[in-house]
Every structure is written in structure tokens, then in C-alpha cells.
Amino acid sequence: MAETKYIFTTGGVASSLGKGIISSSLAKLLIARGFRVTIQKLDPYINIDPGTLNPYEHGECYVTDDGAETDLDLGHYERFTNEPTSQANNVTTGRIYQAVIDKERRGDYLGETVQVIPHITDEIKHRIQILGNSRKFDFVITEIGGTVGDIESLPYIEAVRQMKWEFGNRCLVIHLTLVPFLASSGELKTKPTQHSVKTLLESGVQPDIIVCRTEKHLNQALRNKIALFCNVTPSAVIESIDVETIYDVPMLMRDEKLDQVVLEKMQVPIRKEPDLIKWEEFLFRLKHPVGEVKIGLVGKYVELKDSYKSILEAFIHAGAANQYKVHVRMIHSESINESSVNKLLADLDGILVAPGFGERGIDGKICSIKYARENNVPFLGICLGMQCAVVEFGRNVLGLKDAHSTEMNASTSYPVIDIMADQKSVSNKGGTMRLGSYPCSIRKDSLAYKIYGIAEIRERHRHRYEFNNAYLEQFEKAGMLPVGINKTDNLVEMIELQGHPWFLAVQFHPEYRSTVANPHPLFVNFVAAAITHLKKRQ
Ligand code: GLN
């Protein structure tokens, strides 16, 4: 396609309607038609990135190959499209303002009064077009965070208005709203949608397509009514009904012809129907499991599922790959201790100890790992989960009494996990961890090698602490093997336990790379090990 086209998704009526999933589904459909598509998220908060946010605030922080700490929606984009995202795919108000203020200090605007319009909106438009100007994409889908009418999203909506004006039908706006069902009157209500479109119109933006999230089907009369009140064609009123899995949404959007309407409105010739055979196969395996395994996810943010979004999704992909339902039981690490552990973990077929920061819940994590090690239960440790596995082994196998990570106990006599050399001088918290994709070399005589099938891999990281090489020999002799190493910095990236059926822990985050098209081999194999464990017990 000659020039990149820009599609915006805005949200009205309520938050959490699933703009990310609609954007991802549309991207999936366009890619399945042979177009090159990327998705970007504009977040209206003032943090530079979500890296400094507590997971309770905004869910998981998703990390890209290039080391950007981003909104969890980027995880959905990658899982649906199977295309990597980057720093350019997530922009916050903080980043926009920082760029404008830096320019002001440099003197780029000498003599001018720096204002929201045009300076902030110009910066927003620039960020939207960075991906388009790379010439790598036919479509850039930009999701505007928040809900129309929010004070903080106004500059973004204004930038959309300007781009629509300047780019004509190279720009298109999809507005996602809620059509609530009122049980008392037994009716679906369109008024909130009408109001939210009016709010958008007050800012000068006429949506081209309205996607209606609903729990009951919209009939034609209702679609006509929304079309009439909101100045769109009836074919541009798209139903998005509640479904059992987010992975159904691309199919729904295909049936509702969302992609076709987009192409027609942007006057793009329709080349071919979307090829979704692989996706359909995935859905079939997901929905027709031949059995069920129970995995315990031991973490400290278990009240909020979004905190472990990518891990939970990776289990869905891995479950489908094995055609097994993976039932993930979230277990609060603070509830686990020597006297509760046997009871809490007894019926699990696999145990995953989650990533995390800080002291809270550490003892429960260590206790769970001891249980998995002693009872031959398949175990996967991720990041802090690997560090806890090292601490547990140090204490309980090597007899290093108060072994710990210096993150939790700076004065431990056995700092088996220690801060990385280049982190010692770092005091700023934002964007300063070891972040993003790094190479790792896998030992050929390992379980890890069997799983990956290759010796040189790349995985994404987000940490400050690492295995302390001073203890390497001692651990290896006793059977905890460093099977994956980053040779450049001599860092232990993967460990496994000799003599245990499946005990693997990794310093990186495999969950960020699991997609529908490429379920992550570690998760796929961990679930397979859990199935074997279950069968053995039966
Ligand atoms: N807190 C640990 C570190 O900084 C682990 C981080 C993580 O689990 N992502 O190294």
C-alpha cells in the first residue's frame, strides 16, 4: 500500500470495555488479509511509563524486546498479531510533556509561548506517525487510553481531530461503547452510546464505526437507531457480544465484518478473505480439552488477575497446545508456611513461583519451592521465582543457614543472589533495570535444550539482582545446574535441578513472548510435565 493509514480506537460510556482486544482483533484480521499492521497505545497518565506503577494500579508491566516497560495491552497486541512491539508502541502523557519541555529548554521554540495546542498536540501527532513513517506498516492502529470526556484525554482527541482533518480518509475512528441491558425493562439501551458519541462530537470528532459491547444481540432496528443518532451507516454499527474467551473476538469481528467495513471506508481494495485456519485450530483445541491440570501460581498480587496477565495468557496458549485445560489456582504467598504448605499445594500438578519485588511473601515462595523440589512436582520459577529457588537450595540443601538475596536481606552471610555490578550505582527507579531482550546460551545436555531445541535463544528481562557466581561451583556440585548463561556478562539465566523430573527456573520472563501463533516452549513443556505428573498420580 502506498501510504500508511491510521485507525484510532476511542472508548465511551465506561472503561474496561476491551479497546485493546478490539484493536488486536482488527489487527489480526487485517494481517490475515495480508496487510502489515501495528498497534500503539496512548496512555493519558503522567508517569513516563508504567514501570514505576504498582501492579495493583495498572496491572502487569509488559516488557518489549527493546526494553520498554509498557502497558499490558501491548501484550495483547503481540499475542494476537504475533508481531513484536517496541517503545514507539506505547506513549504516555508524561513522555509527551517531557519531550516538549526538553525542546523548550533546548530553545527549539525560542520566542514562542509553549501551549497544549499546537505544541503538545504536535508531539502527539508526531508520536502517532513515527510508526507510520517507518514504512513498515500499511495500518497503524492507535488506541487512545481512557474514556472520552476525561479531562486528561482531551489533547489526544484533539490530535485525532487534526489528523482526520489533515489526512482525510487515510484516518478512521472506531468508537467502542457499551449498550447496557436493563433487566427491569428487558431492553438494551442506546442512550449512553448516543451521549458518548455527542461527547466525541463536541471535540470535533465524528466516529466512522461504532462497536457496541453488549450482553445480548443487537437487532437491526437497534443498529439502525444507533446509526441514525450517531451519523454512521448501519453497516458501521458493529456488535461485540460478551464471549467466553478474548480469543473468540477476532472471529466475532470477522462475522460482523469489522475489517471489511474499515477497508471500504478507507477505500482500500479488498484483496482476499482473512486466512484464520491456524487461529480456528487453536480455538478448537482450547475449547475441546481432553483433560484438566491444576497449576498453582504462587505470588503476592493474586487478588488482581491483571498483575500476572501474560503468565495467565501463556498458560492458555500452552493449554491449547497440549489440548488440556489449565486451571491456574492463584495462591497468596503470604498464606503459605511450613504448616499450611502440604495442604495448600497437595492437589497441584505443577507449581509456578511468580516474578516480583520486595520482601513481602518471600517465605511462602521459598516454602512452595521446597515442597516442589522434595515432592517431585513440576516447578517453573520466573525471575524472582528463580532467585527464590536458589535461596531455597542454598538454605535447605547446601545448609547455608540465612542464605538470601541482598534485595531482601542486605546483611545475609550468604548473598546467593546479589545486585548486578552495573546496578550498584543506579539510584533512579524509572527504566533503570536490566530490561528487554538479551541472548542466552543453553547447555546441550539439559532439559532446557530439549525444550527449546536450539542452543542460542533470546528472552526478555526485568530485574536488578542475579545469581551470585561466587556460589556457582558449590551449587553445581550439589545438583543445581546453571544450564543457561548470558556469555557477554556471565550471568546465570536458567537453572535446573538434577534428578528432579521437571524443575526449571529462569531469570528472564518467557511469558512476554508467548503468542497464539507461537506458544512459549517453556510453558508448553511445563504443562506437558504437569499432565505427566497428574497421570502418574492417577
Ligand atoms: N526483584 C528481583 C530483581 O529485581 C526480581 C524481579 C522480577 O521478578 N521481575 O532482580
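Values reported hereafter were calculated over all heavy atoms of this structure, with side chains retained and with hydrogens, waters and symmetry mates removed.
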Any donor-acceptor N/O pair, Asn468 side chain to Ala470 backbone, under 3.5 Å: yes
Under 3.5 Å side-chain donor-acceptor pair for Tyr77 and Thr38: no
Asp138/Lys5 ion pair, N-O < 4.0 Å: no
Parallel, tilted or perpendicular: rings of Tyr6 and Phe8 (30°, 60°): parallel
Side chain proximity check, Glu334 to Asp363, heavy atoms < 4.5 angstrom: no
Mutual orientation of the aromatic rings belonging to Tyr452 and His520 [parallel < 30°, tilted 30-60°, perpendicular > 60°]: perpendicular
Tyr471 side chain reached by Ile417 side chain, heavy atoms, under 4.5 Å: no
Arg135 atom CZ: more than 12 heavy-atom contacts under 6.0 Å: no
Aromatic ring pairing Tyr512/His509, orientation class (parallel under 30°, perpendicular over 60°, tilted between): parallel
Salt-bridge contact Lys294-Asp349 (side-chain N to carboxylate O under 4.0 Å): no
salt_bridge(Asp422, Lys424) N-O dist < 4.0 Å: no
Lys103/Glu123 ion pair, N-O < 4.0 Å: yes
Backbone N/O of Asp66 and side chain of Ser86: donor-acceptor pair under 3.5 Å: no
Side-chain heavy atoms of Ser307 within contact of Glu60, under 4.5 Å: no
Within 6.0 angstrom of Ile151 CD1, more than 12 heavy atoms from elsewhere: no
Heavy atoms of other groups near Glu473 CD, more than 12 under 6.0 Å: no
Identified side-chain hydrogen bond (donor to acceptor under 3.5 Å, both in side chains) counterpart of Gln40 within the set Asn90, Thr142, Thr85: Thr142
Contact check, side chains of Ile117 and Asp122, non-hydrogen atoms, under 4.5 Å: no
Minimum side-chain heavy-atom gap Leu286-Lys325 below 4.5 Å: no
Side chain Thr406, main chain Pro415, donor-acceptor under 3.5 Å: no
Centroid-centroid under 6.0 Å between His119 and Tyr109 rings: yes
Check: Lys19 side chain, Gly146 main-chain N or O, donor-acceptor pair, under 3.5 Å: yes
Proximity of Phe379 and Trp502 rings by center, below 6.0 Å: no
Qualifying residue for salt bridge (Lys or Arg N to Asp or Glu O under 4.0 Å) with Glu78, from Arg513, Lys309, Arg460, Lys28: Arg460
Close aromatic pair by centroid cut-off 6.0 Å: Phe315 and His327: no
Non-hydrogen side-chain atoms of Ile351 and Ile295 separated by less than 4.5 Å: no
Main-chain N/O of Arg443 paired to Ser446 side chain as donor or acceptor, under 3.5 Å: yes
Backbone of Lys125 reached by a side-chain donor or acceptor of Gln129 within 3.5 Å: yes
Any side-chain heavy-atom pair of Ile451 and Leu504 under 4.5 Å: yes
Asn486 side chain vs Glu493 backbone, donor-acceptor pair below 3.5 Å: no
Main-chain N/O of Ala68 paired with Thr64 side-chain donor or acceptor, under 3.5 Å: yes
Option from His461, Met433, Arg462, Glu511 for which side-chain contact (heavy atoms from CB on, under 4.5 Å) with Val63 holds: Arg462
Lys/Arg cation over aromatic Tyr438: Arg434, 6.0 Å, 45° cone: yes
Asn322 (side chain) donor-acceptor with Tyr324 (main chain) under 3.5 angstrom: no
Min side-chain heavy-atom separation Pro355-Ile311 under 4.5 Å: yes
